[in-house]
Structure formats: structure tokens, C-alpha cells
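For reference, the structure discussed in these notes is given below.
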2 protein chains.
Amino acid sequence: MRLSHEQFRELAAKHGLAVTHQRQVVYEAVIASHGHHSPESIYAAVRRRIPSISLATVYNNLRLFIECGLLREVSPHASTLRVDGNLKPHHHLVCSRCKSVQDIEGEFIDFNRLSRQLPDGFDLTQPLIEVFGLCRRCRAKN
Amino acid sequence: MRLSHEQFRELAAKHGLAVTHQRQVVYEAVIASHGHHSPESIYAAVRRRIPSISLATVYNNLRLFIECGLLREVSPHASTLRVDGNLKPHHHLVCSRCKSVQDIEGEFIDFNRLSRQLPDGFDLTQPLIEVFGLCRRCRAKN
DNA sequence: TTATTGAACGATAATCAGTATAAAACGACC
DNA sequence: GGTCGTTTTATACTGATTATCGTTCAATAA
């Protein structure tokens, strides 16, 4: 883990984050194993190295890392369920920051190429694509 | 709302759902106005017609409708936050049912076409695409 | 039309993820 | 060593969703 150690120090410096032991261990826990981790699973991993760490610290630092761009949030999700009665084919444009959703139309997916990349057995019969970015309002907030 | 009235009876029959007054009103509330609705906002709308309805009934029926395919869930989201330490450009393949996430590579997006459809000011500098479908395991479960 | 029965509803308690708060610990700087 | 701002910790709290359970209703058959 020497690599991520150094890597984290650099990233932290770049973003003006203090380098604390907890922060470093949380970061390393996330990138040590590839995949998509929940706060609970990260907490479990970090506790093997810092048994006294608090779950709140894990949450605090994950949020911080996401804000700084050290980590990405998978499927940025609003705090509440959203349903859509529009069953016609369409896609969504989601703001990663404020989680607002707009409909978007158009044929911008190359399904031939996509299906070549699909793992065996994945079923795309009613494809729904969500494209994440920053909406105008959040972009203006810098 | 006569149209959605009949439409709902048909859909319900097709999916073996009992037609209750509550169910009908919840369904109509969702499709009456386009957009992406939260359970709370649907609850508020439905209460104007059935003041005694329970929030649990709204939740129950929304879940039922999503399972039957009468409605779509926007950004199908795991119940918990997921973070990703992989900052290299890649996209995600998400199972709408079990919410599992796999990485997927490849140039299957036509960014020229996509950007023509983008509303003014939407910022796509680090585009992340999520493609929803059914993973093999969930598909096998029928 | 009525009787029966399993499904749906309503009220509310429980759960679970995530956040807020405040006190204690840390660490950089003087 | 003392001071001050930041971070961590413990824990209380919030808000969304689900579970429970007694009551009511819709579908079906007589």
C-alpha cells in the first residue's frame, strides 16, 4: 500500500485536505480492492486497521473525497425514490450534484458496440441510459 | 382522467392486480403530470382525492407498479451509497432488480449527437453513463 | 344478491442509512 | 508549554421506507 500512501498525500495536498491517519486508511481501503463499496463495508475494512474508528468518520471522509473528486459516487441518488410514468423510450440526464433529472431524447447510443461489451447474459431489452453531469445551476455555483 | 381510468383497469387485469380505488388514484396521480415524482409528492396529490389514504398504501402500490412495469424507477438505487475509486473513464452497467454494478468499457456513446440534445448549460466534462438492464442472475429468475 | 375468502388498507411502530451536535483529541504554530 | 482551528468520536436525531396487525374491501362463486 506504499503507492496509495504517497498518492493520497499528493491528492490531499492538491485539494487542501489535512492528511490524518484515519483519512489515509479510509482512502486506501477504497482503492485497495477494486469494486463498488458501501460505507458499511469500508467501515468494516478500516476497523481491521483502526478498531476505534467511528462510522461517522468514514461517512465524513467519503463525502469529503467525493466532493473533492478523489472518489466517484456510483449512481448518484436522490435521498428519495422517484418514479416515472413515461414508458416511451427515453433517457435521463442527471445532475451529479443536486440529483435533478431531465428527460433526454435521441439516438446517441451505439447499441451494436454496446452489446459487444456486455457481459454474457445481461439483458438490455428495455434499455434505460442515465447520463451524469452538472446541470446549469450547479455548474454556475462553481 | 377517464382515459387513465380505463387504461388502468386494463393494465391491472393484465397483471392480475385487484382494482381498488386507492390503486387507481395513485396510478392516475403519477401519470397525470409528467415528471419524476417522489412518494411524498404523490401522497400529497392523492390525498386531495382520498384524504384518508395512508402513506404506506402509496409506497406499497408504487412498489407494485414498478415490479409490474406500469411505472419505471428513476435511477434505480441501492439502499446505500456506493463509491468507486476508479477514476479512469469507464461506465457502469446496473441491474435494475438487484442493483449490482459492473464496470463496462468501450466507446458506445456518440458524444456529438448527445451534445446536440443537451439542454443549454449542462456540463458533461467527466461524463459517466449508466446503462440499466437485468443481470444474468436476475434474468434467470424470470 | 349475498356469502366467503384472500387481498388490500390504515395506523403506527420499527428499521435503517445517513447527518448533526458537542465534547474530547490532535496538531501546527507561536 | 499554550493557543486555536480542525478532526475525530460518541451518540442523538432525522427522514425514508418497511413491517405488523387488526379492519375493510374486492373478486368470485353459490
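Every chain is numbered from 1 and lettered A, B, ... according to where its sequence line falls, protein lines coming before strand lines.
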**Asked** Going by heavy atoms in the side chains, are Pro76(B) and Phe132(B) under 4.5 Å from each other?
**Response** yes
**Asked** Could you give the CZ-to-P distance, from Phe8(B) to dA26(D), as a whole number of Å?
**Response** 12 Å
**Asked** Does dT8(D) have OP1 or OP2 sitting under 4.0 Å from an N or O in the side chain of Arg23(A)?
**Response** yes
**Prompt:** Which is it for Glu28(A) and Arg23(A) under the salt bridge (charged side-chain N to carboxylate O under 4.0 Å, His left out) test, yes or no, and what are the steps along the way?
**Reply:** CA-CA 9 Å; Glu28(A) 289 177 12; Arg23(A) 219 161 253 180; over 6 Å; no
**side-chain N/O Ser54(B) vs dC9(C) OP1/OP2, d < 4.0 Å** = no
**Prompt:** For His34(B) and Asp103(A), does a side-chain donor sit closer than 3.5 Å to a side-chain acceptor?
**Reply:** no
**Prompt:** Within the distance-only criterion (no hydrogens, no angle test), does the side chain of Ser41(A) pair as donor or acceptor with the backbone N or O of His37(A) below 3.5 angstrom?
**Reply:** no
Where do N or O atoms of nucleotides 14-17 of chain D meet protein N or O atoms at under 3.5 Å, pair by pair?
{"from": "dT17(D)", "atom 1": "OP1", "to": "Leu81(A)", "atom 2": "N", "distance (Å)": "2.7"}
{"from": "dT17(D)", "atom 1": "OP2", "to": "Thr80(A)", "atom 2": "OG1", "distance (Å)": "3.1"}
{"from": "dT17(D)", "atom 1": "OP2", "to": "Tyr59(B)", "atom 2": "OH", "distance (Å)": "2.3"}
{"from": "dT17(D)", "atom 1": "O5'", "to": "Tyr59(B)", "atom 2": "OH", "distance (Å)": "3.4"}

**Asked** dT8(D) P sits how many Å from Leu64(A) CG, rounded?
**Response** 9 Å
**Message:** Measuring from the side chain of Ser52(A) (C-beta onward, heavy atoms only), which nucleotide among dC9(C), dT9(D), dT8(D) has the closest atom?
**Reply:** dT9(D)
**Asked** Could you state the CD-P distance from Gln24(B) to dA27(D), rounded to the nearest angstrom?
**Response** 10 Å
**Prompt:** Just checking, any donor-acceptor pair under 3.5 angstrom between side chains of His90(A) and Glu105(A)?
**Reply:** no
**Fill in**
Considering only heavy side-chain atoms of Arg63(B), the closest of dC9(C), dT18(D), dT7(D) is dT18(D)
**Request:** Would you mind reading off the distance between Phe65(B) atom CZ and dA8(C) atom P, rounded to a whole angstrom?
**Result:** 11 Å
**Proximity to the side chain of Ile53(B) - top-ranked nucleotide from dG10(C), dT19(C), dT9(D)** = dG10(C)
**Message:** Looking only at side-chain N and O atoms, does Glu130(B) offer a donor or acceptor that is under 3.5 Å from a partner on His91(B)?
**Reply:** no
**Item:** Within-4.5 Å side-chain heavy-atom neighbours: Gln102(B) and Val94(B)
**Value:** no
**Euclidean distance, atom CD of residue Gln22(B) to atom P of dA7(C) [Å, nearest integer]** = 17 Å
**Request:** Determine the contact category for Asn60(B): base if any of its heavy atoms lies under 4.0 Å from a base atom, sugar-phosphate if only primed atoms, P, OP1 or OP2 are that close, otherwise nothing.
**Result:** nothing
**Asked** Relative to the 5' end of DNA chain D, which residue comes earlier, Ile50(A) or His21(B), by the nucleotide with the nearest heavy atom?
**Response** Ile50(A)
